[in-house]
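Note: hydrogens, waters and symmetry copies are ignored here, and every other heavy atom, side chains too, is used.
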Amino acid sequence: MAVRTWLMILFLVFMMMQKGKGQLSETFYRTSCPKVESIVRKVVTEKINQTFVTIPATLRLFFHDCFVEGCDASVLISSPNGDAEKDAPDNLSLAGDGFDTVIKAKTEVEKSCPRVVSCADILTIATRDVIELAGGPLFKVELGRRDGLISKASRITGNLPDPNFNLTQLNTMFAKNNLTQTDMIALSGAHTVGFSHCSRFANRLYSFSPSSPVDPNLDPTYAQQLMQACPQNVDPRIAINMDPATPQTFDNMYFQNLVAKKGLFTSDEVLFTNKASQATVIDFANNPGDFSGAFVTAIRKLGRVGVKTGNAGQIRVDCTAFNS
């Protein structure tokens, strides 16, 4: 009897812990804020109509948020001391339109459902919407995240991929977040929209190696186009499209570009030049449906990275500041 009672106590404690931990769910706000997704989509649509930059900016913001501290909106925090995540060198290039989209959406959601929906969930919904509005796949998002309580620039180093990474380095970093090589390749396809500053790939044009200043894995004509757009000592504010063919459409052109040696970063082109990943790139280049399916799987997995649920974290009133 004593053993049975003890087992029952352990079971109840386990169930309480699971309840406190919480879970993500596609229907998390069904009763507490049933219109949250339509509210966010309206704001996102209006923002895109103002500037296309909203699309790549929001998508990149989501990725940078999830890879540091998990998907908890920690990247949105503003610190008067300039030491929050967004202040780290790797995040200084995050476009303001991504932050603005989430902040505006949060303001509208608060009018209908005060203190109910996290900034992390709003960023997740907005990311799904910009993908679909750019011509990408439509998918359901899992919700129920809490906003994190830590945002430090010092935690960025070593947690975001570098444009010069090789395949092993990319796989290692993504694996830390429970993402496979196929997930990594699919998520890299997000480079089909957006832009990059010249400094992020200038080494491939002017100082690749002593014997070859230009990276031989770059198509010569494309390399010349890049040099014209990004001459040496160019204004650091200058940026160019990552996809030279269809820069404003979320499609599989990124992979077709890789096959044609028109990947902008070393970490892009290596996906094609390395035999271990080449077959996946070719598949995605030839079969847009395969890419879309793999991307949806990967971005939903990305959205689960390091999430805080249940009693962890908080629902921020202001996405840029921890609740007082």
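- Of the possible polar contacts, one joining the Asn166 side chain to the Gln169 backbone as a donor-acceptor pair under 3.5 Å is found.
- Closest approach of Thr127 to Leu123, counting heavy atoms only: OG1-O, 2.7 Å.
- Nearest approach of Ala153 to Asp87, heavy atoms of both residues: CB-C, 4.5 Å.
- For the pair Ile299/Phe139, a side-chain contact is recorded, criterion being any heavy-atom separation below 4.5 Å from C-beta on.
- Proximity of Val259 to Val281: side-chain heavy atoms (C-beta onward) are separated by under 4.5 Å at one or more points.
- Put simply, the side chain of Arg60 never gets that close to the backbone of Gly98: no donor and acceptor are under 3.5 Å apart.
- Dense packing is recorded around NZ of Lys176, with more than 12 heavy atoms of other residues, nucleotides or ligands lying under 6.0 Å away.
- Using a distance-only test at 3.5 Å, with no hydrogens or angles considered, a donor-acceptor pair links the side chain of Asp147 to the main chain of Ala120.
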Using residues 188-196 as the side-chain source, report each donor-acceptor pair under 3.5 Å to any protein atom, sequence neighbours left out, with the distance given to one decimal.
unit_1 : atom_1 : unit_2 : atom_2 : d
Ser188 : OG     : Met184 : O      : 2.8
His191 : ND1    : Asp268 : OD1    : 2.9
Thr192 : OG1    : Asp243 : OD2    : 3.2
Thr192 : OG1    : Thr249 : O      : 3.4
Thr192 : OG1    : Asp251 : O      : 3.4
Thr192 : OG1    : Asp251 : OD1    : 2.8

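- Leu170 and Ser267 make their closest contact through CD1-O, 3.6 Å (heavy atoms, listed as atom of the first residue, atom of the second, distance).
- Side chain of Ser151 to main chain of Ala84: no donor-acceptor pair is present (N/O by atom type, distance under 3.5 Å, no hydrogens or angles).
- Val68 and Leu187 fall within the same hydrophobic cluster, defined by Ile, Leu, Val, Met, Phe, Trp and Tyr side-chain heavy atoms under 4.5 Å apart, directly or through other members.
- Hydrophobic clustering, defined by side-chain heavy atoms of Ile, Leu, Val, Met, Phe, Trp and Tyr closer than 4.5 Å, groups Ile77 together with Phe322.
- When hydrophobic clusters are built by joining Ile, Leu, Val, Met, Phe, Trp and Tyr residues whose side-chain heavy atoms come closer than 4.5 Å, directly or via intermediates, Val109 is grouped together with Tyr29.
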Quiz item: When you look at Phe208 and Val214, which way does the side chain to side chain contact (heavy atoms under 4.5 Å, CB included) test go after all the steps?
Solution: CA-CA 6 Å; Phe208 184 73; Val214 180; over 6 Å; no
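- Taken from CZ in Phe63 to CG in Leu302, the straight-line distance is 6.5 Å, to the nearest 0.5 Å.
- The nearest pair of heavy atoms linking Asn252 to Ala285 is ND2-O, 3.0 Å.
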Self-check item: Arg41 vs Glu37, salt bridge (Lys or Arg N to Asp or Glu O under 4.0 Å): CA-CA, chis, key distance, verdict
Solution: CA-CA 6 Å; Arg41 188 177 179 88; Glu37 293 190 49; over 6 Å; no
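- Taken from CZ in Phe165 to OG1 in Thr172, the straight-line distance is 9.0 Å, to the nearest 0.5 Å.
- The closest side-chain donor-acceptor pair between Asp283 and Thr280, if any, does not fall under 3.5 angstrom.
- Note: Ser209 OG to Asp215 CG = 8.5 Å, rounded to the nearest 0.5 Å.
- Side-chain contact of Arg30 with Ser25: a donor-acceptor pair under 3.5 Å is absent, judged by distance alone.
- Distance check: Asp129 CG to Ser38 OG gives 10.0 Å after rounding to the nearest 0.5 Å.
- Residues Arg200 and Phe265 come closest through the heavy atom pair CB-CE2, 3.8 Å.
- Only one option out of Thr58, Thr101, Thr54, Asp100 pairs with Lys47 in a side-chain hydrogen bond (donor to acceptor under 3.5 Å, both in side chains); it is Asp100.
- When side chains are defined from C-beta on, Asp121 does not count as touching Val36, because their heavy atoms never get closer than 4.5 Å.
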Self-check item: Asp183 and Thr180: CA distance, side-chain angles, deciding distance, side chain to side chain donor-acceptor pair (under 3.5 Å) verdict
Solution: CA-CA 5 Å; Asp183 295 330; Thr180 67; 3.1 Å; yes
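- Here the shortest heavy-atom pairing between Gly313 and Lys308 reads N-CB, 4.4 Å.
- Side-chain contact check for Phe255 versus Ile185: some heavy-atom pair is nearer than 4.5 Å.
- At a threshold of 4.5 Å between non-hydrogen side-chain atoms, the residues Ser74 and Asp65 count as touching.
- Within the model, atoms CZ of Phe201 and CE of Met242 stand 10.5 Å from one another, a figure rounded to the nearest 0.5 Å.
- Atom NE2 of residue His197 and atom CG of residue Leu92 lie 10.5 Å apart, to the nearest 0.5 angstrom.
- The backbone N or O of Arg146 lies less than 3.5 Å from no partner atom in the side chain of Gln314, so there is not a single donor-acceptor pair.
- Within the 4.5 Å cutoff, the side chain of Ile55 has no heavy atoms near those of the Phe250 side chain.
- Here the side chain of Gln181 pairs no donor or acceptor atom with the backbone of Asn171 at under 3.5 angstrom.
- Distance alone, capped at 3.5 Å, is enough to place a donor-acceptor pair between the Arg316 side chain and the Ala73 backbone.
- Without hydrogens or angle criteria, Arg204 side chain to Leu264 main chain gives a donor-acceptor distance under 3.5 Å.
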Donor-acceptor list for residues 217-230 side chains, cut-off 3.5 Å, not counting sequence neighbours:
unit_1 : atom_1 : unit_2 : atom_2 : d
Asp219 : OD2    : Thr221 : N      : 3.2
Asp219 : OD2    : Tyr222 : N      : 2.9

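- Hydrophobic clustering of Ile, Leu, Val, Met, Phe, Trp and Tyr side chains at less than 4.5 Å, counting indirect connections, unites Tyr206 with Ile240.
- No side-chain donor-acceptor contact under 3.5 Å links Asn287 to the backbone of Gly289.
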Practice problem: Show your reasoning for whether side chain to side chain contact (heavy atoms under 4.5 Å, CB included) applies to Arg304 and Leu24. | Solution: CA-CA 8 Å; Arg304 300 176 193 130; Leu24 299 183; 4.2 Å; yes
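- In this structure the side chain of Ile131 reaches within 4.5 angstrom of the side chain of Pro137, judged on heavy atoms.
- Without hydrogens or angle criteria, Ser277 side chain to Leu271 main chain gives a donor-acceptor distance under 3.5 Å.
- Residues Leu160 and Leu76 share a hydrophobic cluster, clusters being chains of Ile/Leu/Val/Met/Phe/Trp/Tyr side chains in contact below 4.5 Å.
- Aromatic pair Phe291/Tyr254: ring centres not closer than 6.0 Å.
- With contacts defined as side-chain heavy-atom distances shorter than 4.5 Å, the pair Glu142/Arg300 qualifies.
- Heavy atoms from other residues, nucleotides or ligands lying under 6.0 Å from NZ of Lys301 number more than 12.
- Under the 4.0 Å criterion applied to side-chain N and carboxylate O atoms, Glu46 and Lys104 are not assigned as salt-bridge partners.
- Leu149 and Val317 fall into different hydrophobic clusters, where Ile, Leu, Val, Met, Phe, Trp and Tyr are joined by side-chain heavy atoms under 4.5 Å apart, directly or via other members.
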Exercise. Assess whether salt bridge (Lys or Arg N to Asp or Glu O under 4.0 Å) is satisfied between Arg155 and Glu69, documenting all intermediate values.
Key: CA-CA 8 Å; Arg155 304 237 189 165; Glu69 308 294 351; 3.3 Å; yes
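- Heavy atoms from other residues, nucleotides or ligands lying under 6.0 Å from CG of Asn49 number more than 12.
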